[in-house]
Asker: 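Here it is, the structure in full.
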2 protein chains.
Amino acid sequence: MVTRWSIGDLAKASGLTVRTLHHYDEIGLVGASERTTSGHRRYTPDDVRRLYQVRSLRQLGLSLEEVRAALSRSDSLRPIFEAQLAALTAQAQQVEALRSRLTALLDGHTTESLLSTLELMSVYESYFTADQLSELRSRAAALGPEAVEELKASWLELVRQLRRHMADGTPADDPRVVELSRQWDSLAAQFHHDDPEIKAAAARSWEENKASISTQIGWPADDGLVSYLGAARAAR
Amino acid sequence: MVTRWSIGDLAKASGLTVRTLHHYDEIGLVGASERTTSGHRRYTPDDVRRLYQVRSLRQLGLSLEEVRAALSRSDSLRPIFEAQLAALTAQAQQVEALRSRLTALLDGHTTESLLSTLELMSVYESYFTADQLSELRSRAAALGPEAVEELKASWLELVRQLRRHMADGTPADDPRVVELSRQWDSLAAQFHHDDPEIKAAAARSWEENKASISTQIGWPADDGLVSYLGAARAAR
DNA sequence: GCTTGAACCTCACGCGACGGGAGGTCCTAC
DNA sequence: GTAGGACCTCCCGTCGCGTGAGGTTCAAGC
């Protein structure tokens, strides 16, 4: 007794949809080796076996093209798996970085300050020239995305504490605030490193940010935090 | 002096592409409030500000629709961020699960056994009837994806050890192998839980499984591992 | 004022992995 | 013989743009 499967039965058995099987057929990944005279697909045992192989590889997160490559020469499975593992590791780091940023944002900010904090970060990141930005980007790539995100998270924490002091009316020359300003600069130093040009650009930073970005962009990029920080820096 | 930005300048300043700005305009997310008589976009300071808000929200991994919603009523930022954090957490767990599976596969298997191991898992998962499968799926949903992936990782480890014993010529009634067969059944029990029908299906011996799977599917689902396991089980 | 090359404009197709529906044919059980 | 479910082949939609194609406009240098 020869065993043949209809597309619907195979879909039920495999947990895939009929449309997915159609798609695999369309792109030539898994098809039915036989058809009835009227054109209905009839999957042979070999077809079914291939489908299960495809499904198991897909469950590892491979793309259909990667699955095709893996099955075309099964001795290449190991390098493909290693590449996939590397890709997943990178993805995990990115997701973790986003999570830590979001967590820092949610923990430390009121609903109203959320958006303005984001804006401030976003604008500051755009402050440098295109060349300097690409410099920063390659530096960030060298550090690795997770280190950069840690810096950003620390930055967020600093902003949070400074805002709180401002709201509490702590004077800018209070030692705690002065200490925060020191941390701020030390964080910034990790961004610009030793590059004199970038350092100079960053040194112009906040006062000029306030003056030039506000006029360039046309709205006050500062809700008081920047001048507060400047006062703390002056009190050192 | 009124400040207006051309699309190219704004693209450079923001680090986005002209095409991206076109796209944001097309979908009505961020447009230029003004145009020259000939139709060139002229971005106003308010437009630029909105663009930076969009960019900062996008960097948190929100979709464009989510960004639109977040900006339409900025008091809804916090729930949106919380939802995003939850989504990222779930994603992180899935990625981690895949990573552990891949790591287990790569560590414990030769190039040749990689695919057959995957096949074995894939077929086993599909062995039950459609009803039982949907039962298993809802149970898997209750356990959560990471728990299911842990089970699969443990399973892989078992397969690895069993294959090694097979290759080493360890007799199936060796106490170590018998113990592995016990672990196998206990693992399987976590899949089928207390459902008597599923339990019954799983309780049928692997020899029977082999016969039944092989005829149902139409190719030998076993490369020796299953009968080895059956022999170990018989020796208890 | 004229030229020329860069910047800008509006379509419009493409990607990955299918979902979903339209409109028609076929199979199977009663 | 008939009904209704299963199957067939198009074909459009998703998401966030990339990448042209083909035409117009701007700005700088002569």
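The basis for the numbers below is simple: all heavy atoms, side chains too, and nothing from hydrogens, waters or symmetry mates. The chains referred to below are lettered A, B, ... by the order of the sequence lines, with proteins before strands, and numbering in each begins at 1.
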Asker: Okay, side chain of B:Q84, backbone of B:L60: is any donor-acceptor separation there less than 3.5 Å?
Answerer: yes
Asker: Working to the nearest 0.5 Å, report the span between CG of B:L64 and CD1 of B:I27.
Answerer: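 B:L64 CG to B:I27 CD1: 4.5 Å, rounded to 0.5 Å.
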Asker: Check every atom of D:dT9, C:dC8, C:dC27 against the side chain of A:H40 and return the nucleotide holding the closest atom.
Answerer: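 Closest of the options to the side chain of A:H40: C:dC27.
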Asker: For C:dC8, take OP1 and OP2 only and decide whether either is under 4.0 Å from a side-chain N or O of B:T36.
Answerer: no
Asker: Taking only N and O in the side chain of B:T17, is any of them less than 4.0 Å away from OP1 or OP2 of D:dG18?
Answerer: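 For B:T17, the contact criterion (side-chain N or O under 4.0 Å from OP1 or OP2 of D:dG18) is met.
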Asker: Rounded to the nearest Å, what distance is computed from the CD atom of residue A:E65 to the P atom of nucleotide C:dC18?
Answerer: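 So the CD-P distance, A:E65 to C:dC18, works out to 12 Å.
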Asker: With the threshold set at under 4.0 Å for non-hydrogen atoms, list the residues of residues 21-32 of chain A touching DNA chain D in residue-number order.
Answerer: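 When residues 21-32 of chain A is checked for heavy atoms under 4.0 Å from DNA chain D, the hits, listed by number, are A:H22.
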Asker: Let me know which of B:D25, B:D47, B:D9 forms a salt bridge (Lys or Arg N to Asp or Glu O under 4.0 Å) with B:R41.
Answerer: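 Only match with B:R41 under salt bridge (Lys or Arg N to Asp or Glu O under 4.0 Å): B:D25.
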Asker: Any chance you could measure B:E26, atom CD, to B:T20, atom OG1, to the nearest 0.5 Å?
Answerer: 11.0 Å
Asker: May I ask you to evaluate whether A:R35 reaches the phosphate of C:dC26, defined as a side-chain N or O under 4.0 Å from OP1 or OP2?
Answerer: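 So the side-chain polar atoms of A:R35 never come under 4.0 Å of the phosphate oxygens OP1 or OP2 of C:dC26.
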Asker: Hey, is the side chain of B:S6 poking within less than 4.0 Å of OP1 or OP2 on C:dC8, counting only N and O atoms?
Answerer: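 Yes, such a contact exists.
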Asker: Output yes when a side-chain donor or acceptor of B:E66 lies under 3.5 Å from a complementary backbone atom of B:I80, and no otherwise.
Answerer: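 No, because the side chain of B:E66 does not come within donor-acceptor range (under 3.5 Å) of the backbone of B:I80.
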Asker: Do the side chain of B:R19 and the base of D:dG16 come within less than 3.5 angstrom through a donor-acceptor pair of N or O atoms?
Answerer: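 Answer is no: no donor-acceptor pair is held.
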Asker: For A:R42, which contact category applies under a 4.0 Å heavy-atom criterion: base, sugar-phosphate, or nothing?
Answerer: nothing
Asker: Please report, rounded to the nearest Å, how far the P atom of C:dC9 is from the CD1 atom of B:I7.
Answerer: 5 Å
Asker: Establish, with yes or no, whether the OP1 or OP2 oxygen of D:dC17 is under 4.0 angstrom from a side-chain nitrogen or oxygen of B:R58.
Answerer: yes
Asker: Calculate the interatomic distance between A:Y43 atom OH and D:dC8 atom P; express it in whole Å.
Answerer: 7 Å
Asker: Quick one: does any side-chain atom of B:R50 pair with a main-chain N or O of B:G31 as donor and acceptor, under 3.5 Å?
Answerer: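 No, the answer is negative, given that no donor and acceptor are paired below the 3.5 Å cut-off.
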Asker: Between atom CZ of B:R19 and atom OH of B:Y24, what is the distance when rounded to the nearest 0.5 Å?
Answerer: 11.0 Å
Asker: Among residues 80-88 of chain B, which contact DNA chain C at a heavy-atom distance under 4.0 Å?
Answerer: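 Those residues: none at all.
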Asker: Are OP1 or OP2 of D:dC26 and a side-chain N or O of B:S38 less than 4.0 angstrom apart?
Answerer: yes
Asker: Nearest whole angstrom, please: distance from the P of C:dC18 to the CZ of A:R55.
Answerer: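 So the two atoms are 13 Å apart, to the nearest Å.
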Asker: Can A:R101 and A:L105 be said to form a side chain to side chain contact (heavy atoms under 4.5 Å, CB included), step by step?
Answerer: CA-CA 6 Å; A:R101 261 177 95 179; A:L105 267 172; 5.6 Å; no
Asker: Step by step, work out the side chain to side chain contact (heavy atoms under 4.5 Å, CB included) result for B:S14 and B:L51.
Answerer: CA-CA 8 Å; B:S14 65; B:L51 179 64; 4.1 Å; yes
Asker: On DNA chain C, does the nearest nucleotide to A:T37 precede the nearest nucleotide to B:R41 from the 5' side, or the other way round? Give the residue.
Answerer: B:R41
